[in-house]
Amino acid sequence: MSALSPRTRLTVVPPHRIAVGRCLSILVALGIVALTLALMGRSPVELAGLVLRSTIGSRFGLEDLALFMTPLMLTGAAVWVGIRVNLWNIGAEGQFYAGATAATAIGLFTHWPAFIALPVMVGAGALAGAGWIFVPAAARAWLDVSEIVTSLLLNFVAALVVSYLATGPWADHVTGALVSTERLRVGLPELWGVVHLGFPLALVVVAGLGIGLARSRFGYETAVCGSNPQAAHYAGIGVAPRILAVLLLSGALAGLAGVFEVAGTVHRLQGSLANNYGYLGIVVALLARESCLALIPAALLMALILDTGIVLQTTQISSSAVLAITGLLVLAIAAGDELAAYVRVNRT
């Protein structure tokens, strides 16, 4: 029996290999899911038809996908902009809450017209998100403290602050809703059904971020700082200020996601508002790899997975099973990406 052909790992993987690898890995994962459902006595064909009709096959499903995509694109961008320079913002969840809280304060306690209140809410939310990561960013830039741990721990602080506000001083005393504030006085205008202005704005932000970083001096300098800090120092580029700027930008993007969610989708600050969008943004960023524009299809894929989970739960499939299916799909995609990097070497 002949020996297996040796393989080598590519330094740069062509996009078409990534696409093929992901398609094959998703098919394998779906095959495993179908087999498991069949063993449970459920019809995979019927469930697949229900999922397709309820997601991409109906206006209601498409609206849901757009609502899911809006925060996922922005939290994905928040994580991606850091990964691009070897920084890991794991605190997008906390920055999301910070942005939503700032926007809620303006939406609840001011009486400004919408054309004034909404831009102020957007600006305040972005600043709050950036402010929430400022201490981890400064510690990473000048003290070399890992931003992973500090940004992650602040997620729990932000969640507790929101729960306190939503059950205490800002609690809804009109409808009595639990862990929730009253409805905001202003909200983002709806463009198509329940799809609000935040969706196209998120698309614009992602596209503008990709173009800006690719063509600007700031984008070039931060890329150099991330890939080779010593070379950046030699070239006269201040590494610490660039690290601070990148992480503040990351926090602002996550804060913006919180603004769009609270002002466009939920219309009130709630304890579960973030819906794990900050953590799912990590997956979106990893799926996008080096391309900022790839955040859009990556967010769409994650939105499809989330929407599929909701549909499956309506058929009495447990949330634990849905979580397992989600994890399997993400794991399969990661494995497909890794395998796509290896090519066979011909023996001479």
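Predicted model, so just to flag it, every value in this text is computed and none were measured.
Formation of a donor-acceptor pair under 3.5 Å by the Arg42 side chain with backbone atoms of Thr315 is found in this model. Not one N or O on the side chain of Ser291 forms a donor-acceptor pair closer than 3.5 Å with the backbone of Ala288. Within the 3.5 Å criterion, the main-chain N or O of Ala78 finds a donor-acceptor partner in the side chain of Ser250. With hydrogens and angles ignored, the 3.5 Å screen pairs a side-chain donor or acceptor of Thr314 with a backbone N or O of Val311. Of the possible polar contacts, one joining the Arg185 side chain to the Leu108 backbone as a donor-acceptor pair under 3.5 Å is found. In this structure, the side chain of Ser272 does not engage the main chain of Asn275 through any donor-acceptor pair within 3.5 Å. Under the 3.5 Å distance criterion, the side-chain polar atoms of Asp172 are matched with a main-chain donor or acceptor of Val174. Side-chain N or O atoms of Thr181 include none that pairs as donor or acceptor with a backbone N or O of Ala171 at under 3.5 Å.
To the nearest 0.5 angstrom, Leu201 atom CG is 8.0 Å from Leu256 atom CG. The line from OG of Ser180 to CG of Leu165 is 12.0 Å long, rounded to the nearest 0.5 Å. Note that SG of Cys23 and CD1 of Ile18 are 11.5 Å apart. Values are rounded to the nearest 0.5 Å. Leu74 contributes atom CG, which lies 11.5 Å from atom OH of Tyr277 (distance to the nearest 0.5 angstrom). From Leu209, atom CG reaches atom CE of Met73 across 12.5 Å, with rounding to the nearest 0.5 Å. Atom CD1 of Ile32 and atom CG of Leu328 lie 5.0 Å apart (nearest 0.5 Å).
Partners of Leu27 under the side-chain contact (heavy atoms from CB on, under 4.5 Å) rule, at least two apart in sequence or in another chain, do not exist in this structure. Judged as a salt bridge (Lys or Arg N to Asp or Glu O under 4.0 Å), and not counting sequence neighbours, the contacts of Asp337 are Arg22, Arg289. With sequence neighbours excluded, no residue satisfies ring pair (Phe, Tyr, Trp, His ring centres under 6.0 Å) with Phe115. Taking Arg17 as the reference, nothing meets the side chain to side chain donor-acceptor pair (under 3.5 Å) condition, with sequence neighbours excluded.
The closest side-chain heavy-atom distance from Arg84 to Thr222 is below 4.5 Å. Looking at heavy atoms from C-beta onward, Thr75 lies out of side-chain contact with Leu253 at the 4.5 angstrom threshold. Phe96 is listed as a side-chain neighbour of Leu273, based on a closest heavy-atom distance under 4.5 Å. Thr110 has its side chain out of reach of Ile116: every pair of non-hydrogen atoms, C-beta onward, lies at least 4.5 Å apart. Put simply, the side chain of Val262 does not reach to within 4.5 Å of the side chain of Arg268, judged on heavy atoms. When side chains are defined from C-beta on, Met40 counts as touching Leu37, because their heavy atoms get closer than 4.5 Å. Between Trp112 and Val120, some side-chain heavy-atom pair lies under the 4.5 Å cut-off. Counting heavy atoms from C-beta on, the side chains of Trp80 and Leu295 come closer than 4.5 Å.
Within 6.0 Å of the CZ atom in Phe218, the count of heavy atoms belonging to other residues, nucleotides or ligands exceeds 12. Shown here is Arg215, whose CZ atom has no more than 12 heavy atoms of other residues, nucleotides or ligands within 6.0 Å. Counted within 6.0 Å of CG on Leu178, heavy atoms from surrounding residues, nucleotides or ligands total 12 or fewer; the atom is thus considered open.
Taking the six-membered ring wherever Trp is involved, the centroid distance between the rings of Trp170 and Phe109 falls below 6.0 Å.
Defined by atom type and a distance below 3.5 Å, a donor-acceptor pair is present between the side-chain atoms of Asn89 and Gln95. Side-chain polar atoms of Asn155 and Tyr279 form a donor-acceptor pair below 3.5 angstrom.
The stretch residues 227-243 participates, sequence neighbours left out, in these side chain to side chain donor-acceptor pair (under 3.5 Å) pairs: Glu221-Arg242. Each salt bridge (Lys or Arg N to Asp or Glu O under 4.0 Å) pair with one or both residues in residues 45-67, not counting sequence neighbours, appears once here: Arg59-Glu63.
Taking 4.0 Å as the cut-off between side-chain N and carboxylate O, Arg9 and Glu338 count as a salt-bridged pair.
Of all heavy-atom pairs between Val195 and Ala66, the closest is CG2-CB, 3.8 Å.
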